[in-house]
Structures are given as C-alpha cells and as structure tokens.
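Have a look at the structure below before the remarks.
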Amino acid sequence: MAGAVAGQALDVAPRILGARVITNVDGNRVEIVINEVEAYCGGADPASHAYRGETARNAPMFGPLGTIYVYRSYGIHWCVNIVTGEIGDPQAVLLRGGHVVGGVDTVVKRRGRSDHLADGPGKFAQALAIDGSASGTMLSHDGIALTVDTENPPAYVTTPRIGISRATDRQWRFVSAAT
DNA sequence: ACGAGGATGCTCT
DNA sequence: GAGCATCCTCGTC
C-alpha cells in the first residue's frame, strides 16, 4: 500500500486523490474517499512545519514512508499528514477532505451533525477519530489504513494551499475534479 | 451564498 | 507572547 505512494510530496499528492482511508475504532469502521490534499515539501517549502528543521512536534515528518504526522491546529482540531519521503527528507501530504463512503452513522455521531462530515482537515480527522496519539505511528492494515487505486487515477485541479501565509503562490493543493 | 469573529492550546521566537 | 496547514455560529445579502 504505502509503497505505491513513495516519492516527493508534490508527485505523490495527486495520486492520493481517490484513495480510501479506513479506521476502526471501538468496532466502528469508517471509510472515506480522499478528494482534497496538499503537498508540503520539507526544506524547500517555507510553509512546511519542517522547513526550519526537526523539532519534537514535526519529528514524524523525518521518518520513513508511510509514517503518520498529526498536529493540533488552532488549539482545537487535529490534522493528518502522510509522510511520503525517505528517512530524513520531510515530504508529507496533508489529507484535507473526503467523502464518507462507510460508517456514515458513526461519523454523524462523532461530528454531531449530518452534513459537512469530512470536507476539511479538522473534520476529516474527527470523522476518522484520528488524534495526536497517532502521530509518529505507521499506516497499517488494522490501524489507519490507506488504500490507493492505481488503476483509476482521478482527474484533479490545482490551487494555492489554504490557510498559509508563506509560499502562497505555489499551486500545491489538489482537488478531485468530479464528486 | 458569503463574510466576520471567537474559541482554544501548543510550538517556537 | 505571537502565530498558527481550522471550524462553527450568527449576521447580512
């Protein structure tokens, strides 16, 4: 699974579109098809958490391919990244949003509402019940699973990344073209 | 549909 | 002590 998405974040990000993320918490399975991601390109990217080098928070980004990096956003939300580079090269793809295709009832309960279930990074993490305890762990079959469909690469559009204040000119956000 | 404003906590300067 | 890789609510149009 993870081997199919090795490389620079910029190359990997569009290939994660259409992939499925599956978690199973307390017997409640949730499955989401990813339709929005952003690439963060380590030392070459002023907007990356890893731009200024390794710290306690961003250490997972320097880990191997398939490492999960979760950080707290604005004191409230959790945001999920997948590390895509080699050890020491902090390439990562932020999972920003998706469409819930399994465990809708569970997600509605977790989110406390029945619309906008996973159309944003904080909502996405909450829908899958991913929090800081997952940061530094690996993608795995019985934990947080990522399944990439290499047969059907989706059409997508690119835009500047959302919510950042540096490197705003780079079109490093990837959104699936169709729903 | 869209925009302003507040909540909230952790990291790094 | 500033600055966030955000979300929700409530106000307008």
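Convention: sequence-line order gives letters A, B, ...; per-chain numbering from 1.
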Open item on the list: What's the separation between atom CD1 in A/Ile34 and atom OG1 in A/Thr147, rounded to the nearest 0.5 Å?
Closed with: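 Result: 9.5 Å between the selected atoms.
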Open item on the list: What's the separation between atom NE2 in A/His141 and atom CD1 in A/Ile22, rounded to the nearest 0.5 Å?
Closed with: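 Here the interatomic distance stands at 8.5 Å.
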Figure out the [atom1]/[atom2] separation between [X] and [N], and round it to whole Å.
{"X": "A/His77", "N": "C/dA5", "atom1": "NE2", "atom2": "P", "result": "13 Å"}
{"X": "A/Asp119", "N": "C/dC7", "atom1": "CG", "atom2": "P", "result": "8 Å"}
{"X": "A/Ile162", "N": "C/dC4", "atom1": "CD1", "atom2": "P", "result": "15 Å"}
{"X": "A/Leu117", "N": "C/dC8", "atom1": "CG", "atom2": "C1'", "result": "15 Å"}
{"X": "A/Tyr51", "N": "C/dC4", "atom1": "OH", "atom2": "P", "result": "15 Å"}
{"X": "A/Tyr71", "N": "C/dG3", "atom1": "OH", "atom2": "C1'", "result": "13 Å"}

Below 3.5 Å between N/O atoms, which protein atoms pair up with nucleotides 9-13 of chain B? Just atom names and distances, please.
unit_1 : atom_1 : unit_2  : atom_2 : d
B/dG9  : O4'    : A/Gly75 : O      : 3.2
B/dC12 : OP1    : A/Thr55 : OG1    : 2.2

- [ ] For A/His116 and for A/Leu94, locate the closest nucleotide of DNA chain C by heavy-atom distance; then report the residue assigned to the nucleotide nearer the 5' terminus.
- [x] A/Leu94
TODO: Select one nucleotide: of C/dA5, C/dC4, C/dC8, the one nearest the side-chain heavy atoms of A/Arg111.
DONE: C/dC8
TODO: Select one nucleotide: of C/dA5, C/dC8, C/dC7, the one nearest the side-chain heavy atoms of A/Arg113.
DONE: C/dC8
Open item on the list: Looking at A/Arg96, I'd like to know whether one of its side-chain N or O atoms comes within less than 4.0 Å of OP1 or OP2 on C/dT6.
Closed with: yes
Open item on the list: Measuring to OP1 and OP2 of C/dC4, would you say a side-chain N or O of A/Ser165 lies under 4.0 angstrom away?
Closed with: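 A/Ser165 to C/dC4 OP1/OP2: side-chain N or O found under 4.0 Å.
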Taking all heavy atoms of [X] and all of [Y], pick out the closest pair and write down the distance.
{"X": "A/Ala50", "Y": "A/Met61", "value": "CB-SD, 3.9 Å"}
{"X": "A/Ser48", "Y": "A/Tyr40", "value": "CA-CD2, 3.9 Å"}
{"X": "A/Pro60", "Y": "A/Ile68", "value": "CB-O, 3.8 Å"}

Open item on the list: Do A/Val33 and A/Arg20 make a side-chain contact, defined as non-hydrogen atoms from C-beta onward lying under 4.5 Å apart?
Closed with: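 Of all side-chain heavy-atom pairs linking A/Arg20 with A/Val33, at least one is under 4.5 Å.
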Task: Side-chain heavy-atom pair A/Arg72, A/Trp78 within 4.5 angstrom cut-off - done: yes
- [ ] Indicate, with a heavy-atom threshold strictly under 4.0 Å, whether A/Arg166 touches base, sugar-phosphate, or nothing.
- [x]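 No contact at all - A/Arg166 keeps every heavy atom at 4.0 Å or more from the nucleic acid.
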Open item on the list: Just to verify, which of A/Val37, A/Ile162, A/Val175 counts as forming a side-chain contact (heavy atoms from CB on, under 4.5 Å) with A/Arg96?
Closed with: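 Answer after filtering A/Val37, A/Ile162, A/Val175: A/Ile162.
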- [ ] Can you run through DNA chain C from 5' to 3' and write each base as (, ), [, ], | or . depending on how it pairs? Watson-Crick or G-U wobble, both distances under 3.5 Å.
- [x] ||||.|||||||.
Task: Verdict with reasoning, A/Arg161 to A/Leu94, per side-chain contact (heavy atoms from CB on, under 4.5 Å) - done: CA-CA 10 Å; A/Arg161 292 172 292 180; A/Leu94 169 66; over 6 Å; no
